[in-house]
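Numbers here simply count residues along the sequence, with the first being 1.
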Amino acid sequence: MELILMVQSTKINNLLLEAIQFIESCYDELGIPETKKLKRIQEIKNEINVTGTYVHKTFELTHGAKMAWRNSNRCIGRLLWDTLHVFDARDVLIAEDAYKKLVKHIDFATNDGKIRPAITIFAPRKNGTDPIRIWNHQLLRYAGYKEGDKIIGDSTSIKLTKMCEKMGWQGNKTPFDILPLVIQESEKKPQLFKIPNEIIQEVSITHPQLDSFKELGVKWYAVPIISDMRLEIGGIDYPMAPFNGWYMGTEIGARNLADQARYNLLPKVAKIMGLDTKQNGSLWIDKALIELNIAVIHSYQKAGVTLVDHHTAAKQFKKFEENEMKNGRPITGNWAWLIPPLSPATTHIFHNPYNNEILTPNYFYQKDPQSN
């Protein structure tokens with residue numbers, strides 16, 4: 001019993017410390033007077049002593065989510081952290097209601113191609129239990145089917161695709177079947193929800209010079225909405241808080257469509273280009289990779305969908321660094337993730353070291369619910 005009480009006491013003390021640290025930073029950044037800050041800290045102390053936790057005010061939640069984006073060491077697109085649209089869905093505990101909020105998020109973020117950064121924050125974790133949780137890695141994601149040694153679609157989705165099929169969903173077994181949303185209320189069985197076709201915007205990938213490119217029948221969705229990460233603000237965990245910015249071209253052209261373990265398009269692109277693929281010295285891989293990325297940028301621009309090339313993104317990150325220095329905040333970053341996967345040495349990021357210290361608020365990976 002004494003050990004249990006000690007553990008509980010430690011958790012409460014840690015929560016209080018994290019809460020105070022967040023409130024001090026948040027209120028100082030927002031220019032809130034010292035008296036109001038001290039009053040709020042006392043309120044939180046009292047709330048934690050009585051309930052073991054505390055509830056964020058709406059403006060605290062909003063600024064905390066923005067700070068979390070600013071502190072995301074792997075993200076090159078942090079310049080616009082303060083433009084994040086925050087939707088407070090902490091009162092939503094029913095799967096169907098959550099689905100409606102997610103549909104609204106997809107529609108709002110897509111915005112007919114003029115992508116808007118957004119996050120929808122659902123109920124916080126309580127006593128180790130998640131009131132509501134989504135199983136998808138991204139709200140929009142293509143299914144993956146494994147048939148013998150052959151994979152159709154996205155290999156990263158095979159596990160979730162199998163689960164959806166067991167729950168009664170049937171895809172068309174094409175490389176680009178959008179998966180349904182899998183939402184779970186507390187300890188209940190997860191439920192499937194189909195995303196309405198009319199709010200899903202996809203971009204057909206074509207090339208400005210290579211007409212044969214369109215014969216590959218490749219496309220990708222407009223907006224990446226990460227949905228499986230935990231948002232932590234002031235010691236409070238939000239296990240369901242899907243968020244989005246917009247794509248950097250290389251995420252699609254140098255990874256999703258190019259990786260051998262994903263869509264592995266480079267050999268097909270090389271064939272269209274008539275390249276010598278028998279010897280590495282011909283640099284056919286590099287040539288095909290460049291043209292694939294040109295095709296992605298061209299296609300998104302043609303479709304009027306927001307996307308940034310990696311050189312522009314790097315310049316924006318440099319501006320972010322300058323802004324943070326002016327505001328007296330430390331610049332943190334994960335170098336291995338910040339460098340673009342195409343021509344990294346042409347950016348300033350490649351030549352700079354970065355402190356990978358993890359600051360909070362932030363977004364964190366969490367246990368896959370399928371592993372339970």
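- Using a cut-off of 4.0 Å between Lys/Arg side-chain N and Asp/Glu carboxylate O, K66 and E29 are scored as not salt-bridged.
- Take E187 and apply the side-chain contact (heavy atoms from CB on, under 4.5 Å) test, not counting sequence neighbours, and it matches T129.
- Partners of H298 according to the side-chain contact (heavy atoms from CB on, under 4.5 Å) rule, which considers only residues two or more places apart in sequence or in another chain, are T206, P208, K302.
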Kindly indicate, with the supporting measurements, whether the criterion side-chain hydrogen bond (donor to acceptor under 3.5 Å, both in side chains) is fulfilled by N356 and N73.
CA-CA 7 Å; N356 196 26; N73 287 6; 3.0 Å; yes

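- Y145 pairs with exactly one of T174, D177, D154 by the side-chain hydrogen bond (donor to acceptor under 3.5 Å, both in side chains) rule, that one being D177.
- Here the CD1 atom belonging to I41 is positioned 9.0 Å from the CG atom belonging to L16, to the nearest 0.5 angstrom.
- When the side-chain hydrogen bond (donor to acceptor under 3.5 Å, both in side chains) test is applied to K268, no partner is found at least two apart in sequence or on another chain.
- Tested against Y27 for a side-chain hydrogen bond (donor to acceptor under 3.5 Å, both in side chains), the candidates E60, K37, K36 yield a single pass: E60.
- Taken to the nearest 0.5 Å, the NZ atom of K271 stands 11.0 Å off from the OG atom of S212.
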For residues 235-253, tabulate all N or O donor-acceptor pairs below 3.5 Å that involve a side-chain atom, not counting sequence neighbours.
| residue | atom | partner | partner atom | Å |
| --- | --- | --- | --- | --- |
| D237 | OD1 | R230 | NH1 | 2.8 |
| Y238 | OH | H56 | ND1 | 2.7 |
| N244 | OD1 | H105 | NE2 | 2.8 |
| N244 | OD1 | A118 | N | 3.4 |
| N244 | ND2 | R116 | O | 3.0 |
| Y247 | OH | W220 | NE1 | 2.9 |
| Y247 | OH | Y221 | OH | 3.4 |
| E251 | OE2 | M248 | N | 2.8 |

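- Separating the CD1 atom in I294 from the CD1 atom in I205 is a distance of 13.5 Å, to the nearest 0.5 Å.
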Would you please test W135 and Q370 for side-chain hydrogen bond (donor to acceptor under 3.5 Å, both in side chains) and show each step?
CA-CA 7 Å; W135 289 40; Q370 277 190 270; over 6 Å; no

Worked verdict on N46 versus Q42 for side-chain hydrogen bond (donor to acceptor under 3.5 Å, both in side chains)
CA-CA 6 Å; N46 295 339; Q42 188 58 53; 3.1 Å; yes

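- Only one option out of L84, V86, V223, L80 pairs with P117 in a side-chain contact (heavy atoms from CB on, under 4.5 Å); it is L84.
- Listed by chain and residue number, nothing satisfies the salt bridge (charged side-chain N to carboxylate O under 4.0 Å, His left out) test with D286 (two or more places apart in sequence, or in another chain).
- Atoms CD1 and CD1, from I290 and I285 in turn, are 13.0 Å apart once rounded to the nearest 0.5 Å.
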Distance-only donor-acceptor pairs under 3.5 Å for side chains of residues 313-323, two or more places apart:
| residue | atom | partner | partner atom | Å |
| --- | --- | --- | --- | --- |
| E321 | OE1 | Y354 | OH | 3.4 |
| E321 | OE2 | H348 | NE2 | 2.6 |
| E321 | OE2 | Y354 | OH | 3.3 |

